[in-house]
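Here is the structure we will look at, set down as structure tokens.
Here is the naming used below: chain letters follow the sequence lines, and residue numbers restart at 1 for every chain.
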Protein chains: 2
Amino acid sequence: MATIKDVALKAGVTVTTVSRVMNNRGYLSEKTKEKVHQAMEALDYHPSEVARSLAQKQTTLLGVIVPSLLHPYYNEVINALENHASLLGLKLLVCNAQRNAQKEAEYIDMLKANKVAGIILCTQSRNSVRSLINLPVVTLERSISPSVPAVLCDNEMGGRIAAEHLLSRGCKNLVMIQGGRSSEERVQGFTRTCEEDSVSFHVVHASKRQFHQLDYADLINTLFTDSPAIDGVFASSDVIAAQVIQICHKRGLCVPEDVKVIGFDDVDLARLLSPALSTIHQPIEELCAHAIQTIVRWEDTEKQSRTILPVHLVQRSST
Amino acid sequence: MATIKDVALKAGVTVTTVSRVMNNRGYLSEKTKEKVHQAMEALDYHPSEVARSLAQKQTTLLGVIVPSLLHPYYNEVINALENHASLLGLKLLVCNAQRNAQKEAEYIDMLKANKVAGIILCTQSRNSVRSLINLPVVTLERSISPSVPAVLCDNEMGGRIAAEHLLSRGCKNLVMIQGGRSSEERVQGFTRTCEEDSVSFHVVHASKRQFHQLDYADLINTLFTDSPAIDGVFASSDVIAAQVIQICHKRGLCVPEDVKVIGFDDVDLARLLSPALSTIHQPIEELCAHAIQTIVRWEDTEKQSRTILPVHLVQRSST
DNA sequence: TGATGTATGTCAAGCGGTTGACATATTTTG
DNA sequence: CAAAATATGTCAACCGCTTGACATACATCA
């Protein structure tokens, strides 16, 4: 591999000059630039990012820590992050903490040792906060500390919209299934709306294990057995909603005729289900874009900020 | 941030010694090791991976280039790769070429400039082959050149199994929907099996655009309109199968009573559909593990190798 | 004319590790 | 007891790029 020295030699200048033309700083004559460029071309020179990073004490790597890579929500997050990152010349280093606080801590150390430009945290453990000082970090759909900027969607509003929608579709007996990932705000929005309308409702919480395996079948079956009158289900994620639909099918309940189902997230899965799932759309693209901006403009960002982006209903065929 | 010098100073030894204890090479007395470890502890020292990489001319980064981050198949691939990589102390750099040969080439250059330990290629453009020389590269479910080792699943066998299964379930009019991603071998396996059994069948190919948007609705609708006698569909990916099921629902066809549907990949989506999808299971974990081994043991690997891993049927409720 | 500013480059010290070559004990061995 | 083996460390040159400090050489200005 050709190095900057080879280029300098070939172009008849010093490495400083070569570096200058690469980074376009200082005064350079067109002639010099030309010479250097030709030498680079001739040698098929590609500057080492590693050396550059060492000299600059910073890389163009962006770390993302997610609690799972199997949940479609995080897949879409990674997709969006990668898109925006690559536009800015940043590269995504993907870390799967697997809902394990220790793994998360290890990943944070690793990212620091790799001098990443910033970290986007989608995990929940608060105990890593102190190791995050002096490092551009933003949490996505999470809020772990007032000193770490957070980007979230309007979860409470999402819960409200979901409840209102089910009610407007004529449901009388609502239930919300709250999976591990989602925030308490969704529950609150749902609960408050139901209370305001004094409609019959309840909320069931999935266990961590169920979340981990993304398998809520037992929970849902129990639910329908215990409360056969249910005619509207708000699932706190599309994955849960998918399983609600499955189980309705199995139990001979028609969706949406007998039971209406609404999800949350609006991941691709939602449109692939039969019937296609009505759901609360999370602005994943915008969330991710904002998160990356926060990292990139770290100096200007208000460290205590909480950015909340609006959600909206996407009605399909399940309600 | 403390550096190796600070540690050396504090421990009363030279940087060489510190480096030695970090890398556990040469003779070290327990006493020295202890001193050094204490100094590290006291300074909360974390060696810079960047500096280390520069000195060793290699990083512990592993590049993955996929054609899409929205397709669930690649999500599962990334999940599996991350798992195996992290076990070996490797980090995943995720690149989304978006089925764009130029982007792919740019990513390859970027990965080279970042001195990655290796690249796992899930994309198809063959024109990048020459820029891949002298670099540990393996293609996953792809084969772009005899000189680049490939890890694939037994696609032809998958096609056979799918066809045989549909036939064994009593289907008389088969169709295969071939999406952009999948290999020609699947078609061959399917076709040959049908021919051997002299059963009525045909194959339709999706356009690149449809693949890109993961939206095959038009294609499938046309298919059912043109050939109403279809009673068995083999979709070359679970995503396509999901849409087949949707459209059957909409057209009032029952799955599996009227039409049996089988997919390929066995991504998580398959078990979430209603009815749950029968599909050909790809051993993603094994494929990825093997791909990473190929990179890690590059010196020992046969560059011309093609590793083909077996697939098997997972029968659920759609057939 | 001398000060000032602009244009074009060079020097060399980092950045934070790694490592081959050496030096100096301390043991072991024949 | 001298040679060989083992143990414990140090020196300093690299890895490839960045950058502040410093030359020069002209033009321009007052």
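For the pair B:K31 and B:E34, the salt-bridge criterion is not met [side-chain N within less than 4.0 Å of a carboxylate O].
Residues from residues 18-28 of chain A with heavy atoms under 4.0 angstrom of DNA chain C, sorted by number: A:R20, A:Y27, A:L28. For DNA chain C, none of the residues of residues 33-45 of chain A falls under the heavy-atom distance limit of 4.0 Å. Contacts with DNA chain C (heavy atom under 4.0 Å) in residues 2-17 of chain B: B:T3, B:I4, B:T16, listed by number.
Looking at heavy atoms from C-beta onward, B:L69 lies out of side-chain contact with A:N75 at the 4.5 angstrom threshold. Between B:S125 and B:E104 there is a side-chain heavy-atom pair separated by less than 4.5 Å. Within the 4.5 Å cutoff, the side chain of B:V13 has heavy atoms near those of the B:V18 side chain. The shortest distance between side-chain heavy atoms of A:R20 and A:Y27 does not fall below 4.5 Å. Looking at heavy atoms from C-beta onward, B:N96 lies in side-chain contact with A:N83 at the 4.5 angstrom threshold.
Rounded to an integer number of Å, the gap from CE of A:M1 to P of D:dG16 is 10 Å. Note: NZ (B:K31) to P (D:dT8) measures 9 Å, nearest angstrom. Look at CG on B:L54: it is 4 Å from C1' on D:dC15, rounded to the nearest Å.
Residue-to-nucleotide proximity on DNA chain D shows that, of B:E30 and B:Q56, the 5′-proximal contact is made by B:E30.
The nucleotide range of DNA chain C contacted by chain B, defined by atoms under 4.0 angstrom from heavy atoms of the protein and reported 5' to 3', is C:dG16 to C:dA21.
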Quiz item: Passes side chain to side chain donor-acceptor pair (under 3.5 Å), A:T32 versus A:S29? Steps please.
Solution: CA-CA 5 Å; A:T32 306; A:S29 69; 2.7 Å; yes
Quiz prompt | side chain to side chain contact (heavy atoms under 4.5 Å, CB included) assessment of A:L214 paired with A:H71 | solution = CA-CA 8 Å; A:L214 296 183; A:H71 199 293; 3.5 Å; yes
Practice problem: Mind running side chain to side chain donor-acceptor pair (under 3.5 Å) on A:T307 and A:S305 for me, showing each step along the way? | Solution: CA-CA 6 Å; A:T307 307; A:S305 69; 4.5 Å; no
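Five base pairs at each end of the helix from C:dT1-D:dA30 to C:dG30-D:dC1 define two local axes, and these are offset by 40° (rounded to 10°).
Between the B:H290 side chain and the B:E286 main chain, no donor and acceptor come within less than 3.5 Å of each other.
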Name the pairs: protein N/O against N/O of nucleotides 25-28 of chain D, kept only if under 3.5 Å.
none

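Residue A:K103 qualifies as enclosed at atom NZ: its count of foreign heavy atoms under 6.0 Å is above 12.
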